[in-house]
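Reckoned from all heavy atoms, side chains included, excluding hydrogens, waters and symmetry mates. Owing to the predicted nature of the structure, the values given are computational and were not obtained by experimental measurement. Each ligand, and each atom within it, is numbered from 1 in the order the structure gives.
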Amino acid sequence: SSADKGWLRYEKRQDLPCLSTIVRHSSASGEAAESAIRELRYAILQMTGNEPELIATANLSETAAHGPHIQLAMVTAEDLPEALQTKELSQHLGEEGFALRSLPQEEGEAVYIIGKTEKGLLYGTFHLLRLLQSEGQTLPQLDIIENPKNPLRMMNHWDNMDGSIERGYAGRSIFFKDNQFVQNDERIRDYARMMASIGINGISINNVNVHKVETKLITSEFLPDVAKVAGIFRAYGIKLFLSVNYASPIQLGGLETADPLDERVGAWWKTKAEEIYDAIPDFGGFVVKADSEHRPGPFTYGRTHADGSNMLAEALEPYGGIVIWRCFVYNCLQDWRDRTTDRARAAYDHFKPLDGQFKDNVILQIKNGPMDFQVREGVSPLLGAMPNTNQILEFQITQEYTGQQRHLCYLIPQWKEILDFDTYAKGAKSEIKKVVSGELYPYAHSGISAVINVGDDENWTGHTLAQANLYGYGRLTWNPDLSEQQITSEWIHQTFGNDHDVVEQVSSMLAASWGIYESYTSPLGVGWMVNPEHHYGPNVDGYEYSVWGTYHFADCDGIGVNRTVKDGTGYTGQYFPENAERYESLVTCPDKLLLFFHHVPYTHKLHSGSTVIQHIYDTHFAGVEGVENLIQQWSSLEGKIDAKRYAGVMARLEHQHKHSKEWRDIINTYFYRKSGIADEQNRTIY
Ligand code: BDP
């Protein structure tokens with residue numbers, strides 16, 4: 001199976017009990033329950049060398065299993081042992097939740113996997129398997145109830161039907177090739193298993209930039225193929241979504257308009273929805289990028305984003321479908337001579353005034369930062385600012401601006417910082433994680449979404465260690481309160497086994513990697529010093545004089561974007577007062593975001609005690625040393641990790657080392673020449 005190139009390896013374990021039997025109660029039925037059992041049998045066979053016997057029963061109390069065994073049942077089963085027929089259990093178990101309980105029985109220890117729905121059984125199964133692979137967990141004494149914190153836990157593919165992937169760094173699409181669907185279902189099934197194992201319940205399979213051929217995904221030409229993939233996903237509790245072209249009524253329907261208020265347009269989408277749901281009764285809905293980077297949208301007709309999304313939502317409503325409407329809307333044709341229109345302001349300026357105007361089955365999808373997935377930027381002030389409009393957060397797992405899966409950059413620490421960010425929307429403790437989980441405001445739909453980093457590379461993600469971002473993302477969407485250490489350790493145990501040194505070294509490498517990457521790339525939160533278009537490698541002025549609105553304003557005196565209310569773009573004013581004040585003032589603005597919010601002289605003193613210019617030099621030298629440490633740590637594991645994965649990661653680390661020096665030298669030289677200020681330590685700057 002190709003999933004054993006990820007974390008579903010199920011390596012042989014000496015210390016596992018025999019687990020000779022799986023008892024399946026008749027309540028545990030349906031496709032997802034079927035998948036759970038298939039996974040259990042396969043995993044136990046892999047780990048112990050014995051395939052467990054499967055006993056189906058309509059009466060648990062009459063079933064004799066010998067030795068330690070596993071039982072699957074719904075919480076509603078009347079013949080559950082008394083200890084499991086508790087109010088607590090049935091009350092606390094949500095639609096997707098599970099309970100794992102071990103009970104000593106005459107015939108041997110039994111582990112019960114209990115769900116309210118078959119999806120719960122699936123998640124419970126994967127959780128049990130995760131525990132069995134963790135250190136020191138033989139057949140643990142289990143008493144666990146878990147429910148996902150986020151209702152929607154999504155993956156967005158940016159796959160094109162020609163097989164290419166926009167911002168993809170791990171090979172070609174696993175869904176499409178030569179403008180057709182691929183024939184290899186096996187890989188898609190393995191992919192669905194991996195996604196279910198981390199709790200993902202929605203996946204959009206095509207790029208948000210919907211070109212001509214993908215526009216046809218919602219036509220009879222491709223719907224049977226889409227339905228087939230949806231079927232594979234369904235067995236793993238995942239709903240399929242499609243990105244749609246806002247101008248479909250024109251391109252497919254022969255209308256001369258896509259005006260959301262034109263009756264013919266609404267009627268066209270209604271008929272289309274009927275056709276889609278005919279083919280896929282549990283179709284998730286549409287992801288829409290409209291009026292953004294030259295994509296069509298309601299602005300063309302002088303309509304608002306509420307008009308545009310509500311019209312689509314109306315078409316999907318009878319079937320329970322939703323519209324995920326992206327807020328990545330900004331003017332990408334700015335006049336660079338007039339830099340007062342700050343791109344960071346755009347999403348808030350466009351969407352905040354529309355709060356309350358969206359239908360219940362519309363969700364606004366908001367990128368974590370106001371710019372575009374930089375190594376570091378402020379948190380989007382739109383998150384939490386719309387009490388009456390559903391919101392879903394968008395992360396980027398694919399490492400567009402964070403080293404393109406050639407550099408190591410573990411993003412869990414970044415995402416945790418964002419999820420824990422206090423918006424103060426309803427006073428203290430209004431963190432982003434509570435906004436998107438639906439805890440802060442009573443949203444009908446909400447959750448977390450991310451642009452995925454997989455392709456058809458054997459190891460799925462190009463850089464083997466980039467799998468940790470994929471794994472960790474899923475775990476965080478299930479429970480944003482999981483600690484970084486917990487997530488890292490789970491992933492390493494499943495992926496590389498239980499060797500103490502491996503766990504220690506890989507954890508430490510991952511933990512340090514975002515900081516290392518940040519230190520040799522663009523400084524103090526300013527962002528964007530990358531080569532235009534492909535966004536790989538250093539280019540300080542690459543975007544500085546372009547129309548995209550991404551600037552650093554470096555000159556001989558200083559650097560940074562003045563986003564203050566006082567005399568800048570006014571962006572800081574979009575935050576709730578506590579954050580607005582903190583960012584507005586040089587006294588309280590954190591160093592890490594200094595240049596994102598302020599324009600300062602190179603001699604400006606940071607809280608750290610260093611000056612801006614000295615900080616740039618120091619961090620750029622330190623960053624390269626950080627990469628050297630990574631290499632040393634990894635090489636200490638030679639022989640403890642199979643040769644293929646060892647060599648694969650080493651090759652990437654070596655590239656990263658070389659490339660980090662290029663970053664260091666270009667950035668340092670640029671600022672040395674601009675500022676004319678020498679490095680205090682007289683290191684070599686060209
Ligand atoms: C940017 C990417 C671009 C995407 C766009 C988006 O560079 O390829 O199409 O975001 O999110 O990060 O729509």
**OP:** Going by heavy-atom distance to atom 12 (O) of ligand 1, choose the closest among Asn209, Asn207, Val451, Asp372.
**Re:**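 It is Asp372 that holds the nearest heavy atom.
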
Subject >> Closest candidate by heavy atom, reference atom 10 (O) of ligand 1, pool Glu293, Lys367, Glu400, Arg167 >> reply: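 Among Glu293, Lys367, Glu400, Arg167, the closest heavy atom to atom 10 (O) of ligand 1 belongs to Lys367.
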
Subject >> Short N or O distance, Glu394 and ligand 1, threshold 3.5 Å exclusive >> reply: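 No.
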
Original post:
Between Trp158 and ligand 1, is there a nitrogen or oxygen pair with a distance under 3.5 Å?
Top reply: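 Among all N and O atoms of Trp158, none is under 3.5 Å from an N or O of ligand 1.
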
Original post:
Can you tell me which residue and heavy atom of the protein come closest to atom 8 (O) of ligand 1, and the distance to 0.1 Å?
Top reply: Glu166 OE2, 2.4 Å

**OP:** Inspect the contact between Asp456 and Arg187 and indicate whether a charged nitrogen and a carboxylate oxygen are less than 4.0 angstrom apart.
**Re:** no

Original post:
Does Glu377 pair with Lys592 as a salt bridge, N-O distance under 4.0 Å?
Top reply: no

**OP:** Drop me the distance from Leu364's CG to Phe358's CZ, to the nearest 0.5 angstrom.
**Re:**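 It comes to 4.5 Å.
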
**OP:** Verify the ring-centre separation between Phe299 and Tyr301: is it less than 6.0 angstrom?
**Re:** no

Subject >> Close aromatic pair by centroid cut-off 6.0 Å: Tyr401 and Phe373 >> reply: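 No, ring centres 6.0 Å or more apart.
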
Only heavy atoms of [X], strictly under 4.0 Å: list the atoms of ligand 1 that pass.
X: Phe328; result: 5 (C), 6 (C), 10 (O), 11 (O), 13 (O)
X: His535; result: 7 (O)
X: Lys289; result: 4 (C), 5 (C), 6 (C), 9 (O), 13 (O)

Original post:
If you draw the axis of the six-membered ring of Phe222, does the NZ or CZ of Lys216 fall within 45° of it and under 6.0 Å from the ring centre?
Top reply: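 Checked: cation-pi criterion not met.
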
